[in-house]
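Read the numbers this way: they start at 1 and go in the same order the structure lists the ligands and their atoms.
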Amino acid sequence: MELCSISGLKGNVSVPGDKSISHRCIMFGSIARGITEIHNFLEGEDCLATIRCFRALGIQIDQEGSLVTVHGRGLHGLTAPSQVLDVGNSGTTTRLISGILTGQPFDSKISGDESLNSRPMKRIIDPLTQMGANISSILRNGCAPLYITPGHLHGIHYTSPVASAQVKSCLLLAGLYAEGETSVTEPCLSRNHTELMLREFGADIRSSHALDGTEATASIRPCRELFGQKISVPGDISSAAYFIAAGLIVPDSEILIENVGINPTRSGLLKVCEDMGGDISLVNERTEGGEKIADILVRTSSLHGTTVGGDIIPSLIDEIPVIAVMAAVAQGTTVIKDAAELKVKETDRIETVTDNLKAMGCDVTPTDDGMVIKGGAPLKGASIHTLLDHRIAMAFSIAALVAEGKTKILDSKCIDVSYPGFYDTFEHLL
Ligand code: S3P
């Protein structure tokens, strides 16, 4: 995809359904009894991989665009897959489905693409093993492909070294099949969609977190059944992030992004935009299915640098590439720290972000847990090496809108992982 600078993005847009929530609807619906009806499901490659896996586990899932019906067969209704479960590029599918599969009376294998098969899985293998699960890395390198055979699960209390919703959710799902209580304490609260949604499905789940934001614990006890639900998936704030950034940095813009999930465990970006001097406001705030939703209004602003670090990081981890782009445009220095998790995303995002910002002429220095960006110098068009990372492709598409000359986003098709139709949304704003 080739892009060049523009001005005057104006209008209303809505972004596709939330990726984290879409995955969970399919998974929880599959192990619940009865029908789960999902509206505004994200038809991105990652969530389609989750559908593919649960169909391979014997679940009937009907999909008509963003309307999906899951014919759940109850907690013990999955059947043995006849082939390796293909999770594609999706870390969420891999880690959450592993928790469910360790509780099943049959063998399974999970594998994905090259990026997925190089991401760390020891973070789930170790605690699941402590719970009595039989799960191993087939190549003994701590990564997928994974092999799971039946085990006898018992609850544990696990203190996770990282605030990871995927690790937490994996263990809570295994906990549905374990004897006694399973609880997970994390250093600060990661996204809590699993806790909110499992409760709606009827699970016996509790969560608590310290008022100062440090330490959060979620615990679950096995229940007899979960029950199918009707769910309307809010727009994904991680996808809205690109239009928020575009609205703030493209001259003469005013964009209203409608129906965006603003769960506080996901919306750290809003605070960072405010800290950078962005003109951003929430309109029409409401709550549906336990999730907060709002329309987000942004107008062109002159941004200044800030520091992004500490407990806010898990609530904006996927938005850091586009925050870095805003920081490159902002006056002054932005420090991003405490974000070493960036190294184990679809790519090493400390490297992919800093390499591509440098290619555009930005003064940026990678650090062990983030980066330091000296913003304000004009960006120049460049060839962006996405390394097939959807968030790098989208973040640098926004940088291209304010860069001098042409920017080429290589392998931009990878955007389909989380946002098919990303470039079409811009058409509404021209
Ligand atoms: C996700 C959790 C986060 C996030 C990912 C989706 C989820 O990963 O980066 O895109 O849906 O649970 P970690 O749990 O590894 O932080």
Subject >> Nearest-neighbour protein heavy atom for atom 11 (O) of ligand 1, which is reported as residue plus atom name and distance >> reply: Ser20 OG, 2.7 Å
Original post:
Can you check whether Ile138's main-chain N or O pairs, donor with acceptor, with Ser136's side chain at less than 3.5 Å?
Top reply: no
**OP:** Would you please say whether a donor-acceptor pair under 3.5 Å links the side chains of Ser418 and Asp46?
**Re:** no
Subject >> atom 1 (C) of ligand 1 [closest protein heavy-atom partner, distance rounded to 0.1 Å] >> reply: Gln166 NE2, 3.5 Å
**OP:** Just say parallel, tilted or perpendicular for the rings of Phe243 and Phe426, cut-offs at 30° and 60°.
**Re:** tilted
**OP:** Name all residues meeting the side chain to side chain contact (heavy atoms under 4.5 Å, CB included) criterion together with Val329; count only those two or more places apart in sequence or in a different chain, and write none if there are none.
**Re:** Ile249, Leu379, Val402
Original post:
Is it the case that Thr93 and Thr50 place a side-chain donor and acceptor less than 3.5 Å from each other?
Top reply: yes
Original post:
Which of the atoms of ligand 1 are close to Ile317, meaning less than 4.0 Å from one of its heavy atoms?
Top reply: 9 (O)
Original post:
What protein heavy atom sits nearest atom 10 (O) of ligand 1, and how far away is it?
Top reply: Asp318 OD2, 2.7 Å
Original post:
Any non-hydrogen atom of Lys168 lying under 4.0 Å from ligand 1?
Top reply: no
Subject >> Minimum non-hydrogen distance to atom 8 (O) of ligand 1, winning option of Lys345, Glu341, Arg191, Arg123 >> reply: Lys345
Original post:
Do His39 and Ser232 have a side chain donor and acceptor closer than 3.5 Å?
Top reply: no
Original post:
Is it true that Arg24 lies under 4.0 Å from ligand 1, counting heavy atoms only?
Top reply: yes
Original post:
Just heavy atoms, cut-off under 4.0 Å: does His23 contact ligand 1 by side chain, backbone, both, or neither?
Top reply: neither
